[in-house]
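Note that ligands are numbered from 1 as they come in the structure, with each ligand's atoms numbered from 1 the same way.
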Amino acid sequence: YRYCEICRRIQNKKGLIGMKTGKNYKFWFATGSQDLYGDECLRNVAEHSKKIVDGLNQSGLLPYEVVWKPTLITNAVIRKTFNEANADEECAGVITWMHTFSPAKSWILGLQEYRKPLMHFHTQFNEEIPYDTIDMDFMNENQSAHGDREYGHIVSRMGIERKIVVGHWQNPEVIKQIAQWMVTAVGIMESSHIRVCRFGDNMNNVAVTEGDKVEAQIQFGWEIDHYNVNDLVEYVNAVSAGDVSALTDEYYSKYQILLEGRDEAEFRRHVEVQAAIEIGMEKFLEERDYHAIVTHFGMLGGLKQLPGLAIQRLMEKGYGFGGEGDWKTAAMVRLMKIMASNVKDAKGTSFMEDYTYNFVAGKEGILQAHMLEVCPTVADGPISIKVCPLSMGNREDPARLVFTSKTGPAVATSLIDLGNRFRLIINAVECKKVEKPMPKLPVATAFWTPEPSLAVGAEAWILAGGAHHTAFSYDLTVDQMVDWADAMGIEAVVIDKNTNIRSLKNELRWNAIAYR
Ligand code: MN
C-alpha cells in the first residue's frame, strides 16, 4: 500500500523540518447505515454518531481531532466520501462504524479507491442492554454487532489493512487505543514524505546497514539521496564567526562544561567546530528539504570533527540520524520522531547502538550508546559537553553531549533488507539505570533489558537478523510499530514477553513463505 500520493508534493516544506509535521491532521468519522428502517431511525443514527464524535473530542485523550461526516448509505455517497478523504490534505484517516446494518457491497468501490489509513471502530451507542425497555425497534436501530460483521467481512475479503478497535466509545481504555492508532496513521501518512541526506556511503564491508534504496522508495516512499560531504563543508565554512559564537554561548548556558583538564580556550574552539557544523548542516538540509541525515566517520572530507554535538542537536530538533551510512535507521528515527511528536509528556526518541552487555545474574542488560550521536530528548538529568578523542578516524577530538537516559518501557526497532523484502524487528525493552556512574565513558548512554529476558531477547534478535543500530523510542508501542509495518506491507517480527525461541523459529520459516 502506498498512501498519500496526492498530497506528496504539496508539502509545507518549512514545517516538515521540525518535530511537527506542519499539518493539522484530522480523522474523519463515517457512520454506515441503510434506509430500510425509516427516517426516524436515520435521524437517531446521525444524532448518535455526532454524540460519539463530540465525546471522543472532549475526552482529552486523542492527539488529533475527529470530524463527523454525514451517514453513509449508498454506494455513490460512500465512494464520494472516501475520495474526498483521499483529496483532503489534512485527513490522515477514516474511522468507520456501522450503527445499523449497511449492506457491504455498497462499500466495495469506495474502499477500493481509498488510499489512507482505515480504522474500524466496532462500538455501539448504548453501553448496556436496556433490559426493561428493549424491543425489536431498538434491536434494529442498534445492531452494530450485526452490521459491523457484514462490513468487516468485505474489508477482509478485499484484503485491506485496517485497525479494528472494539469497545464502548466512552471507555477511556478504548479511546486510548484510538489515540494510539492515530499516531500510527500519521506515521503511515508521513512516511512517504521522508527524505534522507547521505553525507557518505555505507561503511565498507558492513552488511546490515546496506539495503535497496529503490525498493525502500517503492515500499515506504522514502527518498534517499547522496551528497559529497565537501558540499556540506562549504556551508559549514561559510557560517559567520558571530553565529558560531552565539550558538556556542547557547551551548555553554544550557549544558555543563566538563573540561577534564583541557585548556579552556582550546575546549571552546572544539565546541565551536560543532556549532558551525550544526548551523551549516541545518541550512544545507533546509534548503534541500531533507529530514534525516547519514554520516560516516571515515568519510569526513574537509570537516574538522565527526559531527557529534551537532548531530545530537539536530536529532533533538526532529531530524532522523543513522551512523556509518545507515539510511534505513536514519529514516526510521525520523519516522518515529514524527509519530511521537504529538504524544503527551513524550520521553524521547533516538538513534541507538547495542554496545556492551552486563551478564551479571539479575542485572542483565545491554549498554546502549554510539560513538557520539545519541539524541538529548532521551536524557535524564543534566547534560554535559565533553571533548575527547574518538579513537577512530583521523580528525580532531570531537565535542559531544554526555548524559544518561530515562527509565521505563520503550521500543527498539531494526529495519533490515533480506534481499527480497524488508523485515522490521520490534523489541519491547525495559530501560534502567546502570548500577554505578561511568565517569570515564565520554558518550551518552542508555541501558535496557530486552523482553522477555536478555538471553532470549538477544537470541531472538540475532535469529531474526536484527542490526546493532536501532531506532528507539519511549513514546511508541510494539503494537503501533506492527500496525505501521502492516500498513507498509512488510514483515514485522515482535520480540516481547510472549517470545519463545521455538515458536519464533517457526514464525520466521512461515514468514519466509508468506512474504516471499
Ligand atoms: Mn554505528
Hydrogens and angles aside, do Y290 and D225 bring a side-chain donor and acceptor to less than 3.5 Å of each other? yes
Under 3.5 Å, is there a donor-acceptor pair between the E353 and H469 side chains? yes
Residue E324 atom name (nearest to the Mn ion (ligand 1); N/O/S): OE1
Look at D326 and state whether any of its N, O or S atoms is less than 2.8 Å from the Mn ion (ligand 1). no
How far apart are the closest heavy atoms of G200 and M299, and which atoms are they? CA-SD, 3.7 Å
Angle in degrees, rounded to 10°, that OE1 of E353 and NE2 of H469 form at the Mn ion (ligand 1): 80°
Polar side chain donor-acceptor pair, D354 to Q368, under 3.5 angstrom: yes
